[in-house]
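Remarks on the structure that follows.
Just so you know, ligand 1 is whichever comes first in the structure, and atom 1 is the first atom listed for that ligand. Along the sequence shown, residues are numbered consecutively beginning with 1. This is a predicted model, so every value here is computed, not measured. Values reported hereafter were calculated over all heavy atoms of this structure, with side chains retained and with hydrogens, waters and symmetry mates removed.
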Amino acid sequence: MIIVTRRGVTDAELDHIRERVEALGLRTHLSRGEHRTIIGCLGDEARLQSVPLHSIPGVEAVHAVLKPYKLASREFAAEDTRVPLGSVELGGPEIVVVAGPCSVEGADMMEETARAVQAVGARGLRGGAFKPRTSPYSFMGMGESGLQILADVRASTGLPVVTEVMDTRQVELVASYADVLQIGARNMQNFALLTEVGRLRRPVLLKRGMSATVKDLLLAAEYVMAQGNPNVILCERGIRTFETATRNTFDLAAIPVLKAETHLPVVADPSHAGGRRSLVAPLSYAAVAAGADGLLIEVHPDPETATSDGDQSLDFSEFADLMDGLRAFADAAGRTVAGATAAV
Ligand code: PEP
Ligand code: MN
């Protein structure tokens, strides 16, 4: 249930409305927008029936929220949520691009990659230090020394870092280095992990599970938000279907569906969706046309030698071309994208 308040509602009125609702054992969630303020009510809504809500000063309207996700639903927020990433925000007018290798492989390659992607407009650096691999014999990542490399590169370039946390036991460690905690597709329904990252305020990049529906993804976001962390970024990264021509099937429609269902920012990962470098640019452009707020792109100084996901990783010049090509699509979508800067 949401309570929409009157324009100009006072703080005292808001407090009073919340007290009345909370006295019935429900939780309230306040969302203040420029034009309106919404009080979301969580819990046993049947109890609210005993209260003539419309008669409380400051109440304008009361609406049921029929979706199983509440905090993540568009109705619960007065305006789109913007999640901070360094000096920019995800969910604002700018299409934010985060780029970097699949795995952190060493200090030099991270520094080199960070400078190359930053020079052509990337706003964040990605790279896994803990890697979820389908085979237990594959490279598992550099662990904490990889996190240290990410922090060092952030210090020298200013680029915020996005890196995956796979296990509740690693949350504290990864959070002590990362600007954004990535929850991978294979962990989207690891509810203990979602709960743990929800206890922090650090932004969470939540990737869609490969057999998860849009509703499942939004309910996973709800887990994080229910713990008090509002900073969730959703990521469409392709799902499993019968199609084998691509690594996964990029669910383009999920982007506008998510944008309609939720106030949270939505990004796309065309690298894991397509699985081949030739598909990264067209899928990126499509994602921007469909309303994505950002892109997560795998870039490697020498994709041929990458320890993971080399086939889908762009080299520096391919990434520069992608950023160039993106501008026209961003323009057409009424968005901006950061331009090339002088070398840093
Ligand atoms: C990744 O971003 O490197 C990754 C492992 O992604 P996903 O969880 O989407 O497979
Ligand atoms: Mn990868």
Side-chain angles (χ1 to χ4, degrees), residues 85 97-105 109-110 113 117 122 124-136 138-143 146-147 149-150 160-167 170 174 178-190 193-194 197 203-212 214 216-217 220-221 224 232-241 246-251 254-255 258 266-277 279-280 283-284 287 292 294-315 319:
L85 179 74
V97 180
V98 173
C102 180
S103 303
V104 176
E105 297 171 8
M109 63 81 73
M110 284 311 294
T113 306
V117 298
L125 178 66
R126 61 147 292 148
F130 294 98
K131 296 301 303 176
R133 302 309 300 277
T134 300
S135 161
S138 301
F139 173 61
M140 294 288 159
M142 292 181 73
L147 295 175
I149 291 171
L150 286 168
V161 303
V162 180
T163 196
E164 179 161 353
V165 56
M166 286 169 48
D167 192 306
Q170 297 162 348
V174 178
D179 297 280
V180 177
L181 299 167
Q182 178 173 322
I183 303 285
R186 293 158 191 79
N187 267 317
M188 190 205 81
Q189 285 185 316
N190 180 337
L193 185 59
L194 296 174
V197 297
V204 172
L205 176 79
L206 181 60
K207 299 189 101 182
R208 179 178 180 184
M210 45 190 110
S211 59
V214 164
D216 295 337
L217 174 60
V224 178
V232 181
I233 304 154
L234 303 171
C235 180
E236 164 58 38
R237 48 77 74 204
I239 52 175
R240 280 267 164 92
T241 67
T246 50
R247 182 177 178 187
N248 291 288
T249 297
F250 185 45
D251 185 6
I255 296 169
L258 283 166
V266 177
V267 304
D269 173 347
S271 308
H272 290 88
R276 264 180 290 134
R277 61 219 291 200
L279 300 176
V280 174
L283 297 184
S284 298
L295 297 168
L296 191 64
I297 311 277
E298 286 189 337
V299 177
H300 192 282
D302 181 20
E304 213 182 295
T305 63
T307 54
S308 56
D309 288 349
D311 287 340
Q312 66 196 35
S313 299
L314 304 184
D315 63 25
F319 180 69

Handout entry: Any N or O of K207 closer than 3.5 Å to N or O of ligand 1
Key = yes
Practice task
Salt-bridge test for D269 and R208: reply yes if a basic N is under 4.0 Å from a carboxylate O, no otherwise.
Solution key: no
Practice task
List the steps and the verdict of side chain to side chain donor-acceptor pair (under 3.5 Å) for D167 and Q170.
Solution key: CA-CA 5 Å; D167 192 306; Q170 297 162 348; 5.3 Å; no
Problem - Where ligand 1 meets C102 - atom numbers and elements under 4.0 angstrom, heavy-atom basis - result: 3 (O)
Fill in the blank from the handout: Note: OD2(D309)-the Mn ion (ligand 2)-OE2(E298) angle, rounded to 10 degrees, equals 120°
Exercise for the section: Please confirm whether R186 comes within less than 3.5 Å of ligand 1 when only nitrogen or oxygen atoms on both sides are compared. Expected result: yes
Exercise for the section: Starting from atom 4 (C) of ligand 1, locate the nearest protein heavy atom and write down its residue, its atom name and how far away it is, to 0.1 Å. Expected result: H272 NE2, 3.4 Å
Practice task
Could you tell me whether the side chain of D311 and the main chain of R276 form a donor-acceptor pair under 3.5 Å?
Solution key: no
Practice task
Could you tell me whether E298 and R126 have a side-chain N and a carboxylate O separated by less than 4.0 Å?
Solution key: yes
Exercise for the section: Mind checking the NZ-CD1 spacing from K207 to I183? Nearest 0.5 Å is all I need. Expected result: 11.5 Å
Completion exercise
Among the N/O/S atoms of H272, the Mn ion (ligand 2) lies closest to NE2
Practice task
Flag E164 as yes when one of its N or O atoms lies below 3.5 Å from any N or O atom of ligand 1, and as no otherwise.
Solution key: no
Exercise for the section: For G184, counting its heavy atoms only, list the atoms of ligand 1 lying under 4.0 Å from any of them. Expected result: 8 (O)
Exercise for the section: For E105 and T307, indicate whether the former's side chain and the latter's backbone hold a donor-acceptor pair under 3.5 Å. Expected result: yes
Problem - For L296 against P270, the heavy-atom pair lying closest together - result: O-CD, 3.4 Å
Problem - Distance-only N or O hit between ligand 1 and A185, under 3.5 Å - result: yes
Practice task
Would you please determine whether R126 falls within less than 4.0 Å of ligand 1 on a heavy-atom basis?
Solution key: yes
Exercise for the section: Taking only heavy atoms of E298 into account, list the atoms of ligand 1 that are under 4.0 Å away from them. Expected result: 3 (O)
Exercise for the section: Answer yes or no: does atom CZ of R133 have more than 12 heavy-atom neighbours from other residues, nucleotides or ligands under 6.0 Å? Expected result: yes
